[in-house]
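Written out below as structure tokens is the structure these notes cover.
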Amino acid sequence: MNLSKSYNSKTVEDRIYRFWLKSGFFNPDNLPKKNKKSYTIVLPPPNVTGELHMGHALNALIQDVLIRQKRMNGYLTLWLPGTDHAGIATQVKVEKELKKQGLTRYDLGRKDFIKMVWQWKKKYGNIILKQLKKLGLSCDWSRIRFTMDKNYSRAVKQAFSHYYKKGWIYKGKRVVNWCPRCQTSLSDLEIEYKEEKGKLYYIKYPLKIINKKQRTIDNEQGTRDKEQRTMGSEQGTRDKEQRTMGSEQGTRDKEQRTMGSEQGTRNKEQRTMGNKFIVVATTRPETMFGDTAVAVNPKDEKYKNLIGEKAVLPLTKREIPIISDILIDKTFGTGAVKITPSHDLKDCDIGSRHNLKSIQVIDEKGKMFNCPSPYQGIKTLEARQKVIESLEKISLLEKIEDYNHEIPKCERCGKTIELIPSEQWFLKMKELAQIAKISVKKGKIKFHPKKFEKSYFDWLGGIKDWCISRQIWWGHQLPIWECQKEKQQSQNLKEKYFVSLEKPKKCSICGKCRPKQVNDVLDTWFSSALWPFASLGWPRKTKDLKKFYPTNVLSTGRDIINLWVARMIFSGLEFTEKIPFKDVYVHATVLNKEGKRMSKSLGTGVDPMDLIEKYGADATRFGIAYQIMGGQDIKFIENNIIMGKKFCNKLWNASRFVLQQTSSSKRKAPHLRRYEKRYKQEILKTEFKTKNLTKADKKILTSLEITTKSVNKDLENFLFGKAAHTLYDFFWHNFCDVYIEESKKQNKETTEKILLYVLLTSLKLLHPFIPFITEEIYQKLPLKKEKSIIIENWPI
RNA sequence: GGACGAUUAGCUCAGCUGGUUAGAGCGCAUCGCUUACAUCGAUGAGGCCGCAGGUUCGAAUCCUGCAUCGUCCACCA
């Protein structure tokens, strides 16, 4: 057996991978008959737009370790791969391509645009899969799925229809996160907050000047005047205590109290204006055209007397009420807040409680409307500037403070999110959340580490109905059809819309018109939520579904526990009446050396492909696995990959030594398997005992036994790093440093067998971590062997 | 703001339910090409185990507080 002096991954990996693909063992249908009990993992489908990053590599590695170990352990293993159509992400990508040609999707039209996305997918969609193959993953590529496959699409429609018939889907006008660039609503989970330097503008809203003539209830007012006077004196005292807020109270004193020199210069002007204001603090002055109230905290003494009064909206002179609501924080800004139900979630909440009107002033392109002409049709940021200038001119701008706050951004394109009211489709979550909770509470589904169950429960506990519609083109169009009959203005959904899985021949409402499918597509996560069973054929009752569902383990990052895992759980329970998986393994986040999340945009990422190119896939895998300790996040350093490379080389050379020793006794080699069997059964007590084992012999065999047990236990508990450490230590320090050295002195027949035996067992134990090199060496062992180490029996 | 976690050698991390001189890899220093491996071997230097209290015969390990860093979640104008 001639092995090169050092291990060269480049001459091995691609060849071995082709060998595996040819062997067919990734496909459970080709596994030996002894493999009966199923063990399934569905690969979290990466976005078709995606490129492999360290998170993918880590997650894929974990699943490959599990699958390879179980496959050797006699399970009928299926690891099902696939990709996600990733609605917004993909659409944005293709739109960028279009932009290079100076076109937008509207130039193409929906049909052609979608065609183009499919072409794009055909061309680039498999990049990430090719990268995964480079890592050596043992997925069953014959069962690959895409979330927009014909059958998968059918499953999505079926699921939608199911909910619709249950009455859990409804249409509603809600303030939603809206991306003006992508022209779609986004879920809370699709936005990212980015801290930006902003300003907090303090704006004076004049109070409505009440003439005595206008008063109808004199007595009431009289009382108020008194109160105001009392307030005034109180206020005077407070002024001494250096108040910074509530200037409107100050206006009731004889003089306007000032908050700073800037303020003082304007006193004159203010007096001429009537001297009565309520000051609100806002980061978004341009939304004031949509204000329908000013709110204060009911317990706020400063404003107690103003509740129920009216303020006049500057620039439009519209009157709005001053209301009280407990949601208002007395200590923020002035303690008085402008309420814009159309463009703020909290305001929307408050608005609905107080029956306020909702006036939309920002349109779907992020431009102003419903407002005076100077501001009409311009973008919000420009409008902000103009509004400020105008307010300044009429002295209604009290001051501007620097204020850093979190601005919501579209996760896909990075543009600032607008909150606008919009017609959307919702899925009721109450009951689904309930069943999702129960299966985890009862322990049918377990999280590893367990601590992640808390965030799961927290999310389900405070869940809101799921906005499932998106206004993009790439995705699963809602299987809802609208009756086109004129004057079909009914508020009742069922009189206006109907569900149909196919294009309906006639309208099932009026029976006459040609119904039109609604334009919206479903949130990508709606289809992802069906992944564990739709990928196996649901709703058809396929053999695969019967054999491989429920799946065993779902491995994922913590950021999508709620976004995805929770939704798979309730979807699985709702549609299959079974849990979709038994264990949820939440893997570590890969951080860079500084302890920050790896990010492509920041250039802090490491490309796993570079590592594979540089050190080989096995080294990369081992180096990563070596760092998976507990639930701890991984600060990635390349040193560990170098360690992996060195380890591979060590393994290679130790094997070279063993092969050199045993090649002379080739004739005896086939009997080794007998040794192995007996060893397992009687453990050192018979065969090796009768052979008069040396101290070193006994020691290495015992050590191997302990290592095997330890690795089994660790893998059972998802402790991948610990298993890797154990194997490393055993192989290098016990086997190489000690036993191989001793064996040189012993030079006996038994020694050779033990060498081979320990090597073979080590290769098996290491195979899930470093599959290429272990296969390569295995193929060279002078033994009666299986066709591939992939289907060797796992050491127990 | 909430939840969770981290803080141990220059770097990345082990150290289980508290018990003798705190470990590994990388890096560093010195020596060694001994017929598997210089991607190696041997030896060595290097740690008030974040800070301050407490429990205990005894704490890196348990408790409390503080500090710093981080991840995720969150509609604070």
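The chains referred to below are lettered A, B, ... by the order of the sequence lines, with proteins before strands, and numbering in each begins at 1.
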If I pick the [atom1] atom on [M] and the same atom on [N], what distance separates them, to the nearest angstrom?
N: B/A60; M: B/G18; atom1: C1'; value: 10 Å
N: B/G19; M: B/A52; atom1: C1'; value: 25 Å
N: B/C62; M: B/C49; atom1: C1'; value: 16 Å
N: B/G54; M: B/A14; atom1: P; value: 30 Å
N: B/G41; M: B/A24; atom1: P; value: 14 Å
N: B/C63; M: B/C26; atom1: P; value: 35 Å
N: B/G5; M: B/U21; atom1: C1'; value: 32 Å
N: B/G46; M: B/A9; atom1: P; value: 14 Å

**Report entry** Where at least one partner belongs to residues 726-735 of chain A, residue pairs that pass salt bridge (charged side-chain N to carboxylate O under 4.0 Å, His left out), sequence neighbours excluded
**Finding:** none
Query raised in the report: OP1, OP2 of B/G70 versus side-chain N and O of A/Lys596: anything below 4.0 Å?
Result: yes
Requested in this report: Report yes if at least one side-chain N or O of A/Trp732 is closer than 4.0 Å to OP1 or OP2 of B/U39; otherwise report no.
Outcome: no
Using 4.0 Å as the upper bound for N to carboxylate O, is an ion pair formed by [Y] and [X]?
X: A/Lys10; Y: A/Glu13; answer: no
X: A/Lys614; Y: A/Glu638; answer: yes
X: A/Arg558; Y: A/Asp633; answer: yes

Query raised in the report: Out of B/G25, B/G27, B/A36, which has the shortest distance to the side chain of A/Ala654?
Result: B/A36
Query raised in the report: Which of the following nucleotides, B/U71, B/C13, B/A36, is nearest to the side chain of A/Arg558?
Result: B/U71
Value in whole Å for how far the [atom2] atom of [N] lies from [atom1] of [X]:
X: A/Lys5; N: B/C40; atom1: NZ; atom2: C1'; value: 10 Å
X: A/Asn653; N: B/C40; atom1: CG; atom2: P; value: 10 Å
X: A/Asp458; N: B/C72; atom1: CG; atom2: C1'; value: 12 Å
X: A/Ile641; N: B/U39; atom1: CD1; atom2: P; value: 19 Å
X: A/Glu741; N: B/A42; atom1: CD; atom2: C1'; value: 11 Å
X: A/Phe457; N: B/G2; atom1: CZ; atom2: P; value: 23 Å
X: A/Ile642; N: B/A24; atom1: CD1; atom2: P; value: 20 Å
X: A/Gln660; N: B/U35; atom1: CD; atom2: P; value: 12 Å

Counterpart residues, salt bridge (charged side-chain N to carboxylate O under 4.0 Å, His left out), relative to [X] (two or more places apart):
X: A/Glu418; answer: A/Arg284
X: A/Glu401; answer: A/Lys399
X: A/Asp465; answer: none

Requested in this report: Please list, by residue number, the residues of residues 718-726 of chain A whose heavy atoms come closer than 4.0 Å to an atom of RNA chain B; answer none if no residue qualifies.
Outcome: none
Query - RNA chain B stem ranges, 3 or more consecutive Watson-Crick or G-U pairs under 3.5 angstrom - result: B:1-7 with B:67-73, B:10-13 with B:23-26, B:28-32 with B:40-44, B:50-54 with B:62-66
Using a 4.0 Å heavy-atom cut-off, does [X] contact any base of the nucleic acid, only the sugar-phosphate backbone, or nothing at all?
X: A/His733; value: sugar-phosphate
X: A/Cys736; value: base
X: A/Ile740; value: base
X: A/Asp729; value: nothing

Using a cutoff of under 3.5 Å, can you pull out all pairs of nitrogen or oxygen atoms linking the protein to nucleotides 4-12 of chain B, with atom names and distances?
| from | atom 1 | to | atom 2 | distance (Å) |
| --- | --- | --- | --- | --- |
| B/G5 | O2' | A/Gln632 | NE2 | 3.2 |

My understanding is that only residues two or more places apart in sequence, or in another chain, count here; which of them pass side chain to side chain donor-acceptor pair (under 3.5 Å) with [X]?
X: A/Asn712; value: A/Trp794
X: A/Ser358; value: A/Ser342
X: A/Tyr7; value: none
X: A/Thr292; value: none

Listing, residues 639-646 of chain A side-chain donor-acceptor contacts under 3.5 Å, not counting sequence neighbours, or none:
| from | atom 1 | to | atom 2 | distance (Å) |
| --- | --- | --- | --- | --- |
| A/Asn640 | ND2 | A/Gln627 | OE1 | 3.4 |

Requested in this report: Select from A/Ala336 and A/Tyr7 the residue whose nearest nucleotide in RNA chain B is closer to the 5' end of that strand.
Outcome: A/Tyr7
Query raised in the report: Which residue, A/Ser6 or A/Leu591, contacts RNA chain B at a nucleotide closer to its 5' end, judged by nearest heavy atom?
Result: A/Ser6
Query raised in the report: Would A/Phe647 and A/Tyr728 count as a close aromatic pair, with their ring centres under 6.0 Å?
Result: yes
Query raised in the report: Are A/His448 and A/Tyr585 close enough that their ring centres sit under 6.0 Å apart?
Result: no
